[in-house]
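Okay, structure first, notes after.
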Amino acid sequence: MSVIDRLGKKLSSSSAVMRLISNDRVMQVATGLMDARGRLEAAAERASEAWSILLNGHALPTIDPALDGGDDVVSAAAKRPAPAPKPAAAEANGAPTNGAAAHAPTNGAATNGAAAHAATNGEAASPEAPKPAGPGSAAEEKLAQQMASRTSLSRIGGRDVFEKCYKFMTADNARAMGVYPFFRPLDFNNGPEAQLEGRNVIMLGSNNYLGLTTHPKVREAAKQAIDKYGTSMTGSRLVNGSMRLHNELEEKLAAYHGKEAGLVFTTGYQVNIATISSLLANKKSVAVIDKDDHASIYDGVRLGQAAGARMVRYRHNDPEALDQALSELDTSEGALVITDGVFSAQGEIANLPGIVSVVKKHKARLLVDDAHALGVIGPGGRGTAAHFGVADQVDLIGGTFSKSLASIGGWLVGERKVLDYIQHFAYSFLFAASAAPPSVAAAMAALEVMQAEPERQDKLRENFTYMRNELRRLGFELGKTETAVIPIYIRDDLRTVMMWKTLLDEHSIYVNPFITPGVPPKQQVLRTSYMATHERHHLDRALEAFEKVGKKFGVIS
């Protein structure tokens with residue numbers, strides 16, 4: 001050993017040197033010196049951002065991208081030149097919709113979030129549409145005006161963050177008038193029929209597409225899971241919340257979809273929150289989404305935007321518009337294209353062959369939310385990608401247990417390495433309590449029943465095809481629905497609510513009213529959905545009620 005080596009060993013073992021290198025302040029200085037280059041680069045980037053802000057200012061976020069008029073939605077009809085590379089500040093702030101609140105489809109019309117009720121925007125009432133029956137025109141007028149203005153409440157600010165809460169009167173007044181349609185507690189829901197406040201109703205507002213929530217095998221699986229595992233794991237998947245039960249379902253879901261791996265989540269909403277936010281976590285990431293995508297997709301993108309990602313929206317279900325949107329991205333940016341497989345409000349199937357072709361052309365990645373497609377379309381109920389025969393070309397497919405799988409929770413399938421990354425980097429997965437054993441067992445049993453009883457999907461298709469044809473024959477406007485979700489377009493908030501009330505009170509038909517801001521102005525619908533367990537007498541009774549109420553309110557002649 002050389003003299004220098006002996007001296008170095010002696011110094012490194014001395015108490016004075018050990019105290020020096022263990023001192024926090026000394027270590028901080030040393031770390032700062034070693035990281036000087038990185039710190040200088042970061043400072044230069046911040047200076048560039050500050051200069052850009054001085055020159056151009058911050059882009060102000062809109063309140064709700066679903067109601068902002070759609071100015072940022074890419075349309076193939078109006079070709080735009082490729083933008084110059086954005087400065088760092090613009091990337092950090094995102095598009096003008098950065099930080100915007102969640103979902104609802106838009107129709108491209110300019111709007112300030114107000115409902116499109118004739119009494120509030122000066123339009124003349126349609127002569128063939130009589131005024132909805134109700135407790136009185138003055139009360140109706142007041143309620144309509146409140147419906148029109150309620151979305152602006154979120155903009156109220158000040159010293160008391162509760163101020164806007166006290167000014168929110170729409171729900172109270174609707175309850176007082178007996179026309180409040182939401183959060184109605186069912187006594188029980190037994191599939192095609194339910195009990196509401198002591199009376200039986202025909203249920204046309206459930207996503208229980210295959211009718212499996214009451215299937216004996218599904219019920220028994222949940223009971224056995226409680227007996228064996230208890231009611232909850234009381235922890236996240238990261239620590240004590242993973243069980244062989246979760247892994248078994250993940251393997252079955254992956255095999256069912258022909259993918260390498262699966263991942264089970266606590267809710268379907270969490271699937272999109274976790275997946276999108278973990279994959280889009282830097283300034284070179286771009287979420288390219290259909291403007292009518294679900295709220296959970298918008299919220300996942302918003303979390304990505306907080307980390308610097310951008311959002312670009314393209315015209316609904318339009319591969320040409322998607323192509324235009326992807327062609328405008330900077331060559332250094334990576335895109336995740338996200339679409340619903342079946343759109344939850346319209347019942348429309350995504351043009352997945354066209355979307356896949358464009359995604360592959362631009363070397364982007366594709367996530368399909370198949371919440372309303374699983375069990376409804378595709379061979380064996382495998383969903384949208386299987387329906388079109390492109391499952392091997394879709395990178396990620398996700399969904400929920402809360403519809404065809406008769407439980408609560410969510411699922412994602414794709415490449416093993418991608419799912420492994422998501423479960424290690426998605427905070428909303430890492431730190432959320434895991435799905436409860438009875439919920440996982442029920443979903444696994446439902447998946448098995450769905451494959452063992454394909455006649456349920458056949459009966460479901462027969463039911464929704466019959467209702468779609470008959471409702472159109474009566475003269476209702478249904479849009480482009482092709483699935484178990486059939487929207488009946490009313491195009492007015494108050495009339496939609498009054499028709500909902502009349503159907504329920506006078507005919508015991510339960511449907512879901514979709515009004516603004518859940519849908520854009522002039523897109524209000526009575527959303528109906530159908531199950532394999534509906535019998536023809538349920539459907540015919542509903543059709544009779546729809547015809548009477550539609551004529552009463554001037555929606556059909």
N/O donor-acceptor pair under 3.5 Å between [X] side chain and [Y] backbone:
X: Ser285; Y: Leu280; result: no
X: Thr400; Y: Ala371; result: no
X: Asp293; Y: Ile289; result: no
X: Arg541; Y: Ile202; result: no
X: His294; Y: Tyr269; result: no
X: Ser529; Y: Ser206; result: yes
X: Gln270; Y: Thr266; result: yes

Can you tell me how far the [atom1] atom of [X] sits from the [atom2] atom of [Y], to the nearest 0.5 Å?
X: Glu193; Y: His538; atom1: CD; atom2: NE2; result: 4.0 Å
X: Leu366; Y: Thr339; atom1: CG; atom2: OG1; result: 7.5 Å
X: Leu210; Y: Leu405; atom1: CG; atom2: CG; result: 8.5 Å
X: Gln346; Y: Arg527; atom1: CD; atom2: CZ; result: 10.0 Å
X: Glu250; Y: Trp411; atom1: CD; atom2: CH2; result: 13.0 Å
X: Leu204; Y: Ile486; atom1: CG; atom2: CD1; result: 9.5 Å

Start with the C-alpha distance between Glu197 and Arg184, add both sets of side-chain angles, then the distance that settles side-chain contact (heavy atoms from CB on, under 4.5 Å), and finish with yes or no.
-> CA-CA 9 Å; Glu197 297 168 358; Arg184 298 288 291 267; 3.1 Å; yes
Glu477 pairs by salt bridge (charged side-chain N to carboxylate O under 4.0 Å, His left out) with which of Arg472, Lys522, Arg491, Arg468?
->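 Looking at Arg472, Lys522, Arg491, Arg468, the match for Glu477 under the salt bridge (charged side-chain N to carboxylate O under 4.0 Å, His left out) is Arg491.
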If you compare all heavy atoms of [X] against all heavy atoms of [Y], which two are closest, and at what distance to 0.1 Å?
X: His424; Y: Leu430; result: O-CD1, 3.4 Å
X: Ile408; Y: Ser439; result: CG2-OG, 3.3 Å
X: Ser278; Y: Tyr421; result: O-CE2, 3.5 Å
X: Ala442; Y: Val218; result: O-CG1, 3.7 Å
X: Leu396; Y: Leu279; result: CD1-CD1, 3.9 Å
X: Ser404; Y: Gly375; result: OG-CA, 3.8 Å

Is the distance between the ring centroids of His316 and Phe343 under 6.0 Å?
->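 Ring-ring flag for His316/Phe343: true, centres closer than 6.0 Å.
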Starting from the C-alpha separation in whole Å, work towards a yes-or-no answer on side chain to side chain donor-acceptor pair (under 3.5 Å) for Asp540 and Tyr466.
-> CA-CA 10 Å; Asp540 286 340; Tyr466 175 73; 2.5 Å; yes
Taking C-beta and beyond as the side chain, do [X] and [Y] meet within less than 4.5 Å on heavy atoms?
X: Leu238; Y: Gln423; result: no
X: Leu336; Y: Val288; result: no
X: Arg199; Y: Ser508; result: yes
X: Ile490; Y: Val525; result: no
X: Val511; Y: Leu526; result: yes
X: Asn317; Y: Glu348; result: yes
X: Asp299; Y: Arg302; result: yes

[atom1] of [X]: more than 12 outside heavy atoms within 6.0 angstrom?
X: Phe182; atom1: CZ; result: yes
X: Arg365; atom1: CZ; result: no
X: Phe162; atom1: CZ; result: no
X: Lys217; atom1: NZ; result: no

Step by step, would you call Lys459 with Glu462 a salt bridge (Lys or Arg N to Asp or Glu O under 4.0 Å)?
-> CA-CA 5 Å; Lys459 181 64 183 302; Glu462 175 188 318; 5.5 Å; no
Step-by-step side-chain contact (heavy atoms from CB on, under 4.5 Å) determination, Leu504 to Ile509 | CA-CA 5 Å; Leu504 184 60; Ile509 304 296; over 6 Å; no
For [X] and [Y], which I'm curious about, is there any donor-acceptor pair between the side chains at under 3.5 Å?
X: Thr213; Y: Asn208; result: yes
X: Gln224; Y: Asp227; result: no
X: Asn272; Y: Asp369; result: yes
X: Ser232; Y: Thr234; result: no
X: His372; Y: Tyr209; result: yes
X: Tyr298; Y: Ser296; result: no
X: Gln524; Y: Asp493; result: yes

Establish, for the pair Arg237 and Phe429, whether the NZ or CZ atom is under 6.0 angstrom from the six-membered ring centre and no further than 45 degrees off its axis.
->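 Arg237 over Phe429 ring: no.
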Show your working on salt bridge (Lys or Arg N to Asp or Glu O under 4.0 Å) between Asp492 and Arg495 and close with a plain yes or no.
-> CA-CA 6 Å; Asp492 179 275; Arg495 185 178 298 152; 5.1 Å; no
What class does the angle between the rings of Phe183 and Tyr180 fall in, given that below 30° is parallel, 30 to 60° is tilted and above 60° is perpendicular?
->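 If you compare the ring of Phe183 with that of Tyr180, the planes turn out parallel.
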Walk me through it: do Val418 and Asp395 pass the test side-chain contact (heavy atoms from CB on, under 4.5 Å)?
-> CA-CA 9 Å; Val418 177; Asp395 299 297; over 6 Å; no
Taking distance alone, no hydrogens or angles, what donor-acceptor pairs closer than 3.5 Å link side-chain atoms of residues 379-391 to residues at least two apart or in another chain?
from   : atom 1 : to     : atom 2 : distance (Å)
Arg382 : NE     : Tyr256 : O      : 2.7
Arg382 : NH1    : Pro379 : O      : 3.2
Thr384 : OG1    : Asp370 : OD1    : 2.6

Lys/Arg N to Asp/Glu carboxylate O, [X] vs [Y], below 4.0 Å:
X: Glu415; Y: Lys259; value: no
X: Lys417; Y: Glu260; value: no
X: Arg313; Y: Asp290; value: no

Using the salt bridge (Lys or Arg N to Asp or Glu O under 4.0 Å) rule, take Asp505 and Lys501 through it: C-alpha gap first, then chi angles, then the decisive distance, then the call.
-> CA-CA 6 Å; Asp505 290 351; Lys501 177 176 171 59; 2.7 Å; yes
Could you go step by step and tell me if Leu374 and Lys403 meet the side-chain contact (heavy atoms from CB on, under 4.5 Å) rule?
-> CA-CA 8 Å; Leu374 184 73; Lys403 296 172 176 56; over 6 Å; no
